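The next block holds one structure in the form of structure tokens; read it before the comments.
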Amino acid sequence: MADLPGSGQGQSNDPRSAELAGRLAAVRKRIAGAAKSAGRGERLPALIVVTKFHPAEDIRRLAALGVTDVGENRDQEAAAKALELADLALTWHFVGQLQTKKAKSVARYAAAVHSVDRPQLVDALGKAVQSRMDATGRAPLDCFIQVSLEDDGGTHRGGAAPTDVPLLAERIAASDALNLAGVMAVAPLGAPPEPAFEKLAGISARLVAGYPGAGGISAGMSQDLEAAIKFGATHLRIGSDILGSRPAVG
Ligand SMILES: *Cc1c(COP(=O)(O)O)cnc(C)c1O
């Protein structure tokens, strides 16, 4: 532990840190290139490194390399890592499907939930975050409404139907403990991502018309970050292209 970067010793002797640094630089270069092609100039989207299945030590290495935002998709794993890394000034994003009974736990460490997709979850998060605000003075939780972009209207990869966005938005906006940050989506499997992200941009525009502060678009993973940036992503969620393939057992 004492030799890990982030504990003050730099990363020069740690091969895993060198590997992560190389992959991170390559992804940052792709992001800058895509933003330039999209005519977005210096307004780069935020990079959330999705660290699920990878050990807390890797997050410590990433923090030493300048990463500030990390994403996780399972509460048990995220809670344990956040506790272990409490000495770091990291912002934790919850990006996976979330059961209402986990809202209390998530409210302890997450600054944002990207997978808000049903009214019961809004209510559970609102209640849990409010009690943390009262007890610890934590900030309101940023909520992204996850939208399903499946052509058949299905929800195989999670998310609310686009027609449910207005009601969810209203419910989030009504809570003092929740901040309506925007929309989130995962591109459908086996289909080109561009039409999906274009559709998401339209959903975002309609949301922003009613809620000017809710302009966040959480979209873009390792495979499709260029397409997401082209259609206005403000938050990218990148896992495997930075960390390598996920270990078979978490
Ligand atoms: C795992 C995951 C990511 C990162 O995916 P990669 O393909 O590894 O970049 C992004 N978003 C969500 C919701 C995820 O579960």
Side-chain angles (χ1 to χ4, degrees), residues 19-20 22-31 34 44-56 58-59 61-62 65 67-79 81-82 90-99 102 106 110-118 121 125 141-150 154-160 181-194 196-197 200 203-204 216-250:
E19 181 192 343
L20 290 173
R23 289 173 169 277
L24 184 63
V27 166
R28 288 203 190 280
K29 199 169 163 191
R30 279 171 66 196
I31 294 170
L44 293 184
L47 171 61
I48 299 164
V49 182
V50 180
T51 48
K52 63 192 184 197
F53 301 114
H54 291 279
D58 275 353
I59 304 178
R61 292 181 174 97
L62 288 165
L65 295 167
V67 168
T68 55
D69 289 75
V70 293
E72 289 281 339
N73 73 340
R74 295 188 303 180
D75 171 61
Q76 211 182 345
E77 181 179 342
K81 287 174 176 172
L90 288 167
T91 298
W92 293 84
H93 298 255
F94 194 88
V95 303
Q97 286 188 295
L98 183 56
Q99 294 172 277
K102 305 283 187 171
V106 168
V113 171
H114 292 240
S115 45
V116 179
D117 60 358
R118 58 200 192 281
L121 183 58
L125 287 169
L141 179 79
D142 281 343
C143 291
F144 292 83
I145 299 174
Q146 184 177 352
V147 185
S148 169
L149 299 177
E150 314 280 343
T155 55
H156 315 294
R157 305 195 79 179
V183 292
M184 176 276 212
V186 178
L189 278 172
E194 296 208 354
F197 290 143
L200 183 65
I203 295 167
S204 169
I217 300 179
S218 170
M221 302 169 38
S222 295
Q223 296 296 317
D224 55 26
L225 71 88
E226 285 84 0
I229 289 171
K230 182 171 171 189
F231 289 102
T234 60
H235 294 70
L236 306 168
R237 309 178 313 272
I238 313 294
S240 44
D241 277 3
I242 292 172
L243 285 134
S245 54
R246 290 183 268 278
V249 273

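Keep in mind the model is a prediction, meaning the values are calculated, not measured. For ligands, and for the atoms within them, numbers begin at 1 and follow the listed sequence.
Interface of Ile238 with ligand 1, defined as ligand atoms under 4.0 Å from a residue heavy atom, comprises 9 (O).
Judged as a ring-ring contact (aromatic ring centres under 6.0 Å, His included), and not counting sequence neighbours, Phe197 has no contacts. Annotation: side-chain contact (heavy atoms from CB on, under 4.5 Å) contacts of Gln223 (sequence neighbours excluded): none.
A donor-acceptor distance shorter than 3.5 angstrom exists from the side chain of Ser115 to the backbone of Gly96, with no hydrogens or angles considered. Arg30 places a side-chain N or O within 3.5 Å of a backbone atom of Ser222 that can act as its donor or acceptor partner.
For atom 14 (C) of ligand 1, the closest heavy atom belonging to the protein is Lys52 NZ, 3.0 Å. For atom 11 (N) of ligand 1, the closest heavy atom belonging to the protein is Arg237 NE, 2.9 Å. Ranking the protein heavy atoms by distance from atom 5 (O) of ligand 1 puts Met221 CE, 3.4 Å first.
Of the charged side-chain nitrogens involved, none lies within less than 4.0 Å of a carboxylate oxygen, so that Glu77 and Lys52 do not count as a salt-bridged pair.
Between Asp241 and ligand 1 there is no heavy-atom distance shorter than 4.0 Å.
Looking at ligand 1, you'll find an N or O of Ser222 within less than 3.5 Å of one of its N or O atoms. Ligand 1 has no nitrogen or oxygen under 3.5 angstrom from a nitrogen or oxygen of Gln223. Annotation: Gly239 places an N or O atom under 3.5 Å from an N or O atom of ligand 1; distance criterion only.
Nearest heavy-atom pair, Val116 versus Leu121, reported as atom, atom and distance to 0.1 Å: CA-CD2, 4.0 Å.
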